[in-house]
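These notes are about the structure you will find just below.
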Amino acid sequence: MAQVDITGLPLKSPHGLRDILGLGQMLPYRTKRSLLVPPVTVTENQRATFPKVIGQVISSVKSGNHFFRLTGPGSDQDPKGLFTIDIDTGDVSVSRSLDREDFDSYELEVSISDFEGNTVEGPALLLITVIDQNDNRPIFKETRYTGEVLEGSPTGTTVMTMTAFDADDPATDNAALRYNIVRQSPDKPSPNMFYIDAEKGDIVTVISPTLLDRETLPTTTYELEIVAKDMAGSEVGLTGTATATITITDKNDHAPEFTHPLFEAHVHEGMTGVVVNLTVDDRDDPATGAWRAIYSIINGDPTQSFEIQTNPDNNEGMLSVVKPLDYEATASHKLYIKVENEDPLVPDVGYGPSSTATVQVTVLDFNEGPVFFPDPLTVTRMENIPVGSFVASLNATDPDILQIQSIRYTILRDPAGWLSVNPVRGTVNTSASLDRESPYVHDNKYTAVFIATDNGSPPATGTGTLVINLEDYNDNAPYVVPSVARVCEDAHDMNVAIVGGRDKDLAPNAAPFKIELGKQPGLDKTWKVTRVNSTHSQIMLLHSLKKANYQLPLLITDSGVPPLSNNTEVKVQVCVCKKNRMHCSSAHSHSASLLVLLATPLLALLFLCFSSWVQSS
């Protein structure tokens, strides 16, 4: 930058442009002023004393009536007071130590003003750049990092990446980081099992795939101490430290193997449940799919009487009997068991002979109870057959066919006490009359339970059920419902009630019913019974009666062969009816009341005849 003062013009040429244009007058004098503001750099973390001059602003304006002025962040704006300017000389000073990590540069404005506050020159930009010092260590985001690598992985497999950060200027070596492994624990089988890329921070395997075997390594977890150093790793660089924990994970490179080629079990016939636990060895990581076993029965169980499940706690195979075994059918079973892992084996490993085993199951004989056939035994008999009649013959056999045993029969449950059983032959006879209408009979069926006991040691028992379907016999007389009827003494409707027949017997020993008046003479003078349908009839009054209770004799007959009849009575209450209320007599009615009722008009007639005879005499 140069300062130029124009004090005048050269002599005018007679052939100049202004002469040609007729503009030959003189231009006025003027002065070109300028403000020189060079950029400034200042190192962070400077020590006292302060303030320190760090630069100067140059101006062509004569001092005396004017002054320099500095504005912007770091001067009259936050952070205030960092920089000042000498109002006369233009010297720029810093007032205290700077930190590049707070602000790496400041942009201020410099101007020249008169004492009246008018700006004479400027404003011009003043750029102050803070020079970085290596005053920040590398920092890892976490103090402990974790990673995994599969056993048998090829050399050079990336396990994880370590990353640290440095707050210094990334354009300088102050933030140029280099990584290094300073410690490996444990250091077996090699102290250099892993390598870290100095610039990228990638941790990779160095150990050969053969040695990286989870089952042969002294541990499955390794700790690495990682150091990050700035200044591109030079001796004067600052450092930060973190720990990397690497776990060697398992792959299914070992097949499960039975601890014994032959297992033996003993089970009583008729029993179910676990009979033997099969044990296996697997060198893979427990509680993983490469270790968890799956058992299967590959031969020897055509009836599917056995089942095998894995115990999740110890990986053993629990062989169970799910269908009771029969000693007489098969005294022993030879099962062939296979064991596999949940996860597939790696391609170069297979299941060998040790992954199969034989289980010899011996069935122990047990004195089984006799078995009834058929069960239940169903027969049909007529009710009321004579006592001692044959009902059924029980059939129970002993499953222990290899033993010669006898069977005896007894009654376990006979609710009505109607039956007896021959203890040797098992024939069932009646000991009382069979009654289909008994409360012990449900849906025409009577059920009894019998016990068959063998003479084994100890004796064994079995139960069987006898169901007797009872056919109906006309042994129950019908009856009339309802047994009470009410009627108003002044009623115009002479219909008293509709009564129906009931019978405990079944058709054809029940309906249709015949309902008629009793055989007492004179009833048809006051009452009338009319059939409504096969089960009901209408009772009617032929004339009004006074308030009282009357017993109406009825005769009801069923349709059985031979038919059964029943003389019954219906209580008819003749009541006084007022305002929709019936006032009936509370006195007990008597069967003779109808006779009195019928005799009243006869007595009146006899009295009239007697009076006439007296007068004629």
Taking [X] for the side chain and [Y] for the main chain, is one N or O donor matched with an acceptor at less than 3.5 Å?
X: S431; Y: W418; value: yes
X: T465; Y: D375; value: no
X: S585; Y: N549; value: no
X: D558; Y: A511; value: no
X: N299; Y: Y336; value: no
X: T453; Y: T461; value: no
X: T310; Y: R292; value: no
X: D505; Y: D475; value: yes
X: S153; Y: L150; value: yes
X: E437; Y: N476; value: no

For the residue pair [X] and [Y], confirm or rule out a side-chain donor-acceptor distance under 3.5 Å.
X: S305; Y: T303; answer: yes
X: T535; Y: N533; answer: yes
X: N252; Y: D343; answer: no
X: D282; Y: N341; answer: yes
X: T557; Y: S565; answer: yes
X: S420; Y: N429; answer: no
X: T245; Y: T146; answer: no

query: Do the charged groups of E340 and K338 touch, with an N to O distance under 4.0 Å?
result: yes

- prompt: Between E215 and R283, does at least one N-O distance fall below 4.0 Å, as a salt bridge requires?
  reply: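 A salt bridge is absent here (no side-chain N lies under 4.0 Å from a carboxylate O).
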
- prompt: Can T279 and T259 be said to form a side-chain hydrogen bond (donor to acceptor under 3.5 Å, both in side chains), step by step?
  reply: CA-CA 6 Å; T279 54; T259 57; 2.4 Å; yes

task: Write out all pairs satisfying disulfide bond (SG atoms under 2.5 Å apart) with one or both partners inside residues 482-552, taking only residues at least two apart or from two chains.
output: C488-C577

- request: Could you name each residue pair satisfying disulfide bond (SG atoms under 2.5 Å apart) that touches residues 497-574, not counting sequence neighbours?
  value: none

field: Pairs involving residues 248-271, ordered by first then second residue, that meet salt bridge (charged side-chain N to carboxylate O under 4.0 Å, His left out) (sequence neighbours left out)
entry: R214-D250

To the nearest 0.5 Å, what is the distance between [atom1] on [X] and [atom2] on [Y]?
X: N567; Y: L555; atom1: CG; atom2: CG; answer: 5.0 Å
X: D285; Y: T249; atom1: CG; atom2: OG1; answer: 9.0 Å
X: T358; Y: I337; atom1: OG1; atom2: CD1; answer: 8.5 Å
X: I468; Y: R381; atom1: CD1; atom2: CZ; answer: 8.0 Å
X: D472; Y: N509; atom1: CG; atom2: CG; answer: 5.0 Å
X: T397; Y: D454; atom1: OG1; atom2: CG; answer: 11.0 Å

Considering non-hydrogen atoms only, spot the tightest contact between [X] and [Y] and give its length.
X: A452; Y: I407; value: CB-CG2, 3.7 Å
X: F306; Y: L335; value: CG-CD1, 3.7 Å
X: Y409; Y: A396; value: OH-N, 3.2 Å
X: P154; Y: P209; value: CA-CG, 3.8 Å
X: P399; Y: V371; value: CG-CG2, 3.7 Å
X: G417; Y: A432; value: O-CB, 4.0 Å

message: According to side-chain contact (heavy atoms from CB on, under 4.5 Å), who are the partners of S320, at least two apart in sequence or on a separate chain?
response: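 With sequence neighbours excluded, S320 shows a side-chain contact (heavy atoms from CB on, under 4.5 Å) to V274, given in chain and number order.
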
- prompt: Residues two or more places apart in sequence or in another chain: which of them pass side-chain contact (heavy atoms from CB on, under 4.5 Å) with L542?
  reply: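 By the side-chain contact (heavy atoms from CB on, under 4.5 Å) rule, L542 matches K528.
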
Determine all donor-acceptor pairs shorter than 3.5 Å in which one atom belongs to a side chain in residues 440-447; sequence neighbours excluded.
{"residue": "N444", "atom": "OD1", "partner": "R436", "partner atom": "NH1", "Å": "2.7"}
{"residue": "Y446", "atom": "OH", "partner": "D414", "partner atom": "OD1", "Å": "2.3"}
{"residue": "Y446", "atom": "OH", "partner": "A416", "partner atom": "N", "Å": "2.8"}

Does [X] [atom1] have over 12 foreign heavy atoms under 6.0 Å away?
X: Y473; atom1: OH; result: no
X: K547; atom1: NZ; result: yes
X: R531; atom1: CZ; result: yes
X: H583; atom1: NE2; result: yes
X: M382; atom1: CE; result: yes

Are [X] and [Y] close enough that some pair of their side-chain heavy atoms sits under 4.5 Å apart?
X: V576; Y: K578; value: yes
X: S296; Y: I298; value: yes
X: T410; Y: F450; value: no
X: P562; Y: N474; value: no
X: H543; Y: M494; value: no

- request: Determine whether the aromatic ring centres of F513 and H536 lie less than 6.0 Å apart.
  value: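 That pair fails the under 6.0 Å test.
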
- request: Take L554 and V529 through the side chain to side chain contact (heavy atoms under 4.5 Å, CB included) test and state the conclusion after the steps.
  value: CA-CA 9 Å; L554 295 177; V529 177; 3.9 Å; yes

- request: Start with the C-alpha distance between E489 and L545, add both sets of side-chain angles, then the distance that settles side chain to side chain contact (heavy atoms under 4.5 Å, CB included), and finish with yes or no.
  value: CA-CA 6 Å; E489 65 177 351; L545 297 176; over 6 Å; no

- request: Decide side-chain hydrogen bond (donor to acceptor under 3.5 Å, both in side chains) for T427 and N422; before the verdict, give the C-alpha distance in whole Å, the side-chain angles of both, and the deciding distance to 0.1 Å.
  value: CA-CA 5 Å; T427 54; N422 185 292; 4.5 Å; no

Whether Y295 and F258 hold their rings parallel, tilted or perpendicular, with breakpoints at 30° and 60°: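 Taking F258 first and then Y295, their aromatic rings sit tilted (interplane angle of 30° to 60°).
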
message: Working note: N395 + F372, criterion side chain to side chain contact (heavy atoms under 4.5 Å, CB included); need CA distance, chi angles, decisive distance, verdict.
response: CA-CA 6 Å; N395 179 32; F372 284 84; over 6 Å; no

task: Please lay out, stage by stage, how L211 and E151 fare under the test side chain to side chain contact (heavy atoms under 4.5 Å, CB included).
output: CA-CA 9 Å; L211 295 178; E151 65 170 331; over 6 Å; no

